[in-house]
Protein chains: 2
Amino acid sequence: MSHSTYQRLIHSATKMFAQKGFYGTSIRDIADQLDISKQALLHHFSTKEKLYGEVLKQIAQQVMDRVNHNEQYDSATLQIEAAFERMAQWGLEDLDGARVLMRELLDNPERAPHAINWYLNPLLEAMVAIIKKGQSQGEFKQVAALAFIYNVLGAQHYFMISLPTLKQMLSAKEYKNILKQQSIELKAMMLDRLLVH
Amino acid sequence: MSHSTYQRLIHSATKMFAQKGFYGTSIRDIADQLDISKQALLHHFSTKEKLYGEVLKQIAQQVMDRVNHNEQYDSATLQIEAAFERMAQWGLEDLDGARVLMRELLDNPERAPHAINWYLNPLLEAMVAIIKKGQSQGEFKQVAALAFIYNVLGAQHYFMISLPTLKQMLSAKEYKNILKQQSIELKAMMLDRLLVH
DNA sequence: TACTTTACTTACCGATCGGTAAGTTTGAAT
DNA sequence: ATTCAAACTTACCGATCGGTAAGTAAAGTA
């Protein structure tokens, strides 16, 4: 057995919370997926909320890891491109995480306990910092940095959670096309708006 | 009493589904909000699924209404700007609807019955048509139309559902700023990418 | 006035929920 | 060999879920 039960529970829970949300997922379902009893789960996580909290924590950690190994270029253009690639990559590698975060964004105002943290904040701030640096260097136009980045991040996040629906909505060929084109298109949109011509 | 119980139930249900999702909302809660019994609700909608289906139907109708009164300009630029304004306006006037649709997008692959319809499709197709027209007139660059519009729509939809969280995350001043800047910024991003310079 | 339909109510149901209580098995340390 | 804690199990619980059954009050309609 390569992973601890603890980690396997978090993995199973992440998948199910992504698919059906907090209320739509029962701890029985999560435990059943690993062929252990519900009480085995409750041994590791005393409440459903605590399990959910750990799931969020690990997703946030994965986002942070990507933000942190931040290559330092002199060129703000290269730097924002690199940051964009990391963001796009995150989505493709952690689709479940992206879905859980989107659900958390929807629930945030209602379910109090986690309300204070917005989990993509580090990513947002890192990219805003790059924009502002590029602007002070005269490399970028004077866009409204936060609104600008929020739109870019939003478009990417939205696309990620759309993938399963797009897959069944479009033909195989169309799906393949949009999968290839979306990040290219978003990057171009970002740079066309940002760069002084 | 200005509205029928039927309509008041749909309104109440829309709000609660927006806030807590399908599984997180009980039909008791919805009925309680109008001070009627749960069975009064079940008199109008025989199952929870049917109520939810009607909620979706009315939201889709509101989107369609906006798409349809489509002013015809000769200029594709004016036309895409008008379409963009309508889209942005929709979000501000029907925040609950936007939240329900985002949840539906997340649940879509799991909960079968509504899986076939993607409710923003008409909006998407109308805007794609404008882009292609503008391209054939030489007014727009040769962007990948569907991917392009999907990003714009995604950014807008994402921003809309973020508003409650942003409100409690940012200071009152910052919130006011981003509220003003976001749609301006997104529109600029769209046009900078689209227009031949 | 009698009849029917609409819009409800109270009472009840089995299923499932998250969580408690009380063992049992296992593996490492003394 | 004994102890002890960690990792489970079975049994059970009250609360809440969506939905059924059966009645009632009011409002058209003949």
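Predicted model, so just to flag it, every value in this text is computed and none were measured. All chains are named by letter (A, B, ...) in the order of the sequence lines, taking the proteins before the strands, and each is independently numbered beginning at 1. Side chains included, hydrogens not; waters and symmetry mates left out as well; all remaining heavy atoms used.
Screening residues 145-165 of chain A for salt bridge (charged side-chain N to carboxylate O under 4.0 Å, His left out) gives no qualifying pairs among residues at least two apart or on separate chains. Within the structure, the salt bridge (charged side-chain N to carboxylate O under 4.0 Å, His left out) test picks out the following pairs touching residues 135-156 of chain B (sequence neighbours left out): A:Asp192-B:Lys141. Applying the salt bridge (charged side-chain N to carboxylate O under 4.0 Å, His left out) test to residues at least two apart or on different chains, the pairs with a partner in residues 82-100 of chain A are A:Arg66-A:Glu93, A:Glu71-A:Arg86, A:Glu85-A:Lys187, A:Arg99-B:Glu110.
For A:Tyr23 and B:Phe22, the ring centers are positioned 6.0 Å apart or more.
Scored by the side-chain contact (heavy atoms from CB on, under 4.5 Å) test, A:Asp29 finds A:Met16, A:Ser26 as partners (sequence neighbours excluded). Partners of A:Lys132 by side-chain contact (heavy atoms from CB on, under 4.5 Å), not counting sequence neighbours, listed by chain and number: A:Val128, A:Gln135, A:Ala145.
Here the P atom of nucleotide C:dA7 and the CD atom of B:Gln7 are 13 Å apart, to the nearest Å. For A:His43 and C:dT25, the NE2 to P distance is 17 Å, given to the nearest whole Å. Taking atom CZ of residue B:Phe45 and atom P of nucleotide C:dC8, one finds them 11 Å apart after rounding to whole Å. When rounded to the nearest whole Å, the span between CG of B:Asp35 and C1' of C:dC8 equals 14 Å.
A sub-4.0 Å separation between OP1 or OP2 of C:dT6 and a side-chain N or O of B:His44 is absent. Considering only side-chain N and O atoms, B:Ser37 lies nowhere under 4.0 angstrom from the phosphate OP1 or OP2 of C:dT10. The side chain of B:Thr5 places an N or O atom within less than 4.0 Å of a non-bridging phosphate oxygen (OP1 or OP2) of C:dC8.
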Using a 4.0 Å cut-off on protein heavy atoms (strictly under), produce a 5'-to-3' string for nucleotides 12-26 of chain D with B for base contact, S for backbone-only sugar-phosphate contact, and - for none.
-----BBBBB-----
